[in-house]
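Proteins get letters first, then strands, A, B, ... in listed order; numbering begins at 1 in each. No hydrogens, no waters, no symmetry mates; every other heavy atom, side chains included, goes into these values. The structure displayed is predicted, hence computed values, not measured ones.
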Number of protein chains: 2
Amino acid sequence: MARAGLTAERLTRAGAELADEVGFDKVTVSALARRFGVKDASLYSHLKNSQDLKTRIALLALAELADRVAAALAGRAGKDALAAFANAYRDYAREHPGRYAAAQLRLDPETAAASAGGRHAQMTRAILRGYDLTEPDQTHAVRLLGSVFHGYVSLEMAGSFSHSAPDTQETWSRILDALDALLRNWPRP
Amino acid sequence: MARAGLTAERLTRAGAELADEVGFDKVTVSALARRFGVKDASLYSHLKNSQDLKTRIALLALAELADRVAAALAGRAGKDALAAFANAYRDYAREHPGRYAAAQLRLDPETAAASAGGRHAQMTRAILRGYDLTEPDQTHAVRLLGSVFHGYVSLEMAGSFSHSAPDTQETWSRILDALDALLRNWPRP
DNA sequence: GCATTTGCCTAATCATATTAGGCAGCTTAC
DNA sequence: GTAAGCTGCCTAATATGATTAGGCAAATGC
């Protein structure tokens, strides 16, 4: 029989595509094997198990997202950088809902440490360079930004905003305005 | 054989407890049947299927959470109300991680309409009565608050904040301060 | 060209989800 | 108080997915 040429890389990429098509929770070893025209058992030469597959997809998504954000951020500062970061984040989630869901997968500490998670934190901190914040306020602000972006995108994807006016694009712009104003005028205790 | 006295209600409650103990994603028809000492098939007299069970747990969680928030909000206004709402939300998630995860389940539109989701939106809006916001800014602010609370709680539960100082309680307080300041000074376009 | 490695297969086991049909226990009517 | 019937849980069966052990053929190294 001709070999299918499976590798962990190809399986991970195909898994990511599958996730975007049918949802991350429906990414299964069987479905992936089907997509490659091989038997389920064949994947176990390349993947430890189902969890391993999901973790790899999550790491792929985190890295892709970090790359996008880095590109969007290049050469920008202040509110420009804030908007670029936020839009890169939101656009990725809309274009790749399955990967975005994968990126939320809870990773064990060692895996998380080796992931692109740290880059995300660094880049968020970079945005704040355009504002006048020192520690520990900077960390509080990093966490706030992370919460808003993640929370907004999650809720928007879940349809929580879809059945009421005004439209979400308008809200998104106004939230960015509000965050910019808040960062320029961060309350001291 | 003695009957186990299954009902959809009891199964839902037990499913919610199971979710808090082992995680919402591990709530399974089999596990629930095991807990009641009955065969898997027996549950299908009370539940349509596995998805139905999950939906019922989600609706239970949404209703419980709305009740808690309503109780916390009673008699408060302004920043007091903001903090009460936020803390009720966060505390529920910490005490009932499985239920909180269930509450994020994507519901189909009819189910969502019949859920306590509307109460959550109403209560968020009620907080804003203590601030001077008119439409459409009020809606933008409702969405911002929802995003921050949901995003923060999700990230905190996922451990995203756990490996860095300062501690999350401090950040949480400062975020509430920041939101209060922002709502009192909401930027007009 | 042969030996070895390696990739995908067959076969088996186990867990979960789900449906169909059966029998016992509870309820109700007399 | 007992027969009729409904209901609730059971047995049995099927399907899908995860996973492991062991085999054969294809690519690779010499």
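The nearest whole Å value for the distance from the CG atom in B:Leu11 to the C1' atom in D:dG8 is 12 Å. Distance CG (B:Asn49) to C1' (D:dT14): 17 Å, rounded to an integer number of Å. One interatomic measurement links the two molecules: CG of B:Leu53 to P of C:dT16, which rounds to 14 Å at whole-angstrom precision. Rounded to an integer number of Å, the gap from A:Phe36 CZ to C:dC9 C1' is 17 Å. The CG atom of A:Leu32 sits 14 Å away from the C1' atom of D:dA18 (whole-angstrom rounding). Taking atom NZ of A:Lys39 as the reference point, atom C1' of C:dA12 lies 14 Å away to the nearest angstrom. Whole-Å rounding puts the A:Leu43 CG to D:dG17 P distance at 13 Å.
The neighbour count for A:Asp132 CG, taken as heavy atoms of other residues, nucleotides or ligands under 6.0 Å away, does not exceed 12.
Applying the 4.0 Å criterion to OP1 and OP2 of D:dG8, one finds that B:Ser45 has every side-chain N and O outside that range. For C:dG7, the OP1/OP2 oxygens have no side-chain nitrogen or oxygen of A:Ser42 closer than 4.0 Å. Between D:dA18 and A:Ser30, a contact under 4.0 Å exists linking OP1 or OP2 to a side-chain N or O. For D:dC9, one of the phosphate oxygens OP1 or OP2 lies less than 4.0 angstrom from a side-chain nitrogen or oxygen of B:His46.
Checking D:dA18, C:dA11, C:dA17 against the side-chain heavy atoms of A:Tyr44 singles out D:dA18 as nearest. The nucleotide whose nearest atom lies closest to any side-chain atom of A:Val38 is, among C:dC9, D:dT20, C:dA17, C:dC9. Among C:dA20, C:dT16, D:dA18, the nucleotide with an atom closest to any side-chain atom of B:Arg34 is C:dT16. Nearest nucleotide to the side chain of A:Leu6, out of D:dT20, D:dA18, C:dC8: C:dC8.
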Please table the atom pairs, donor to acceptor, closer than 3.5 Å between any side-chain atom in residues 62-72 of chain A and protein atoms at least two apart or in another chain.
unit_1: A:Glu64; atom_1: OE1; unit_2: A:Tyr92; atom_2: OH; d: 2.6
unit_1: A:Glu64; atom_1: OE1; unit_2: A:Arg99; atom_2: NH1; d: 3.1
unit_1: A:Glu64; atom_1: OE2; unit_2: A:Arg99; atom_2: NH1; d: 2.8
unit_1: A:Asp67; atom_1: OD1; unit_2: A:Arg119; atom_2: NH1; d: 3.2
unit_1: A:Asp67; atom_1: OD1; unit_2: A:Arg119; atom_2: NH2; d: 2.8
unit_1: A:Arg68; atom_1: NH1; unit_2: A:Glu95; atom_2: OE1; d: 3.4
unit_1: A:Arg68; atom_1: NH1; unit_2: A:Glu95; atom_2: OE2; d: 3.4
unit_1: A:Arg68; atom_1: NH2; unit_2: A:Glu95; atom_2: OE1; d: 2.6

Output side-chain donor-acceptor pairs under 3.5 Å for residues 80-91 of chain A, partner residues at least two apart or in another chain, one line each.
unit_1: A:Asn87; atom_1: OD1; unit_2: A:Trp172; atom_2: NE1; d: 2.7
unit_1: A:Asn87; atom_1: ND2; unit_2: A:Ala83; atom_2: O; d: 3.0
unit_1: A:Arg90; atom_1: NE; unit_2: A:Glu156; atom_2: OE1; d: 2.9
unit_1: A:Arg90; atom_1: NH1; unit_2: A:Gln169; atom_2: OE1; d: 2.9
unit_1: A:Arg90; atom_1: NH2; unit_2: A:Glu156; atom_2: OE2; d: 2.8

Please list every donor-acceptor pair under 3.5 Å in which a side-chain atom of residues 28-40 of chain A meets a protein atom from a residue at least two apart or in another chain.
unit_1: A:Ser30; atom_1: OG; unit_2: A:Asp40; atom_2: OD2; d: 2.8
unit_1: A:Arg35; atom_1: NH2; unit_2: A:Glu21; atom_2: OE1; d: 2.6

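The stretch residues 22-29 of chain B touches DNA chain C through B:Thr28, B:Val29, each having a heavy atom within less than 4.0 Å of the strand.
The salt bridge (Lys or Arg N to Asp or Glu O under 4.0 Å) check on B:Asp177 picks up B:Lys79, B:Arg174, with sequence neighbours excluded. Applying the side chain to side chain donor-acceptor pair (under 3.5 Å) test to A:Asp180 and every residue at least two apart in sequence or in another chain returns A:Tyr131, A:Arg184.
Residue contacts for A:Asp40: at a heavy-atom cut-off of 4.0 Å it reaches a base atom on one of the strands shown.
For the residue pair B:Thr111 / B:Asp108, a side-chain donor-acceptor distance below 3.5 Å is found, with atom types taken as modelled.
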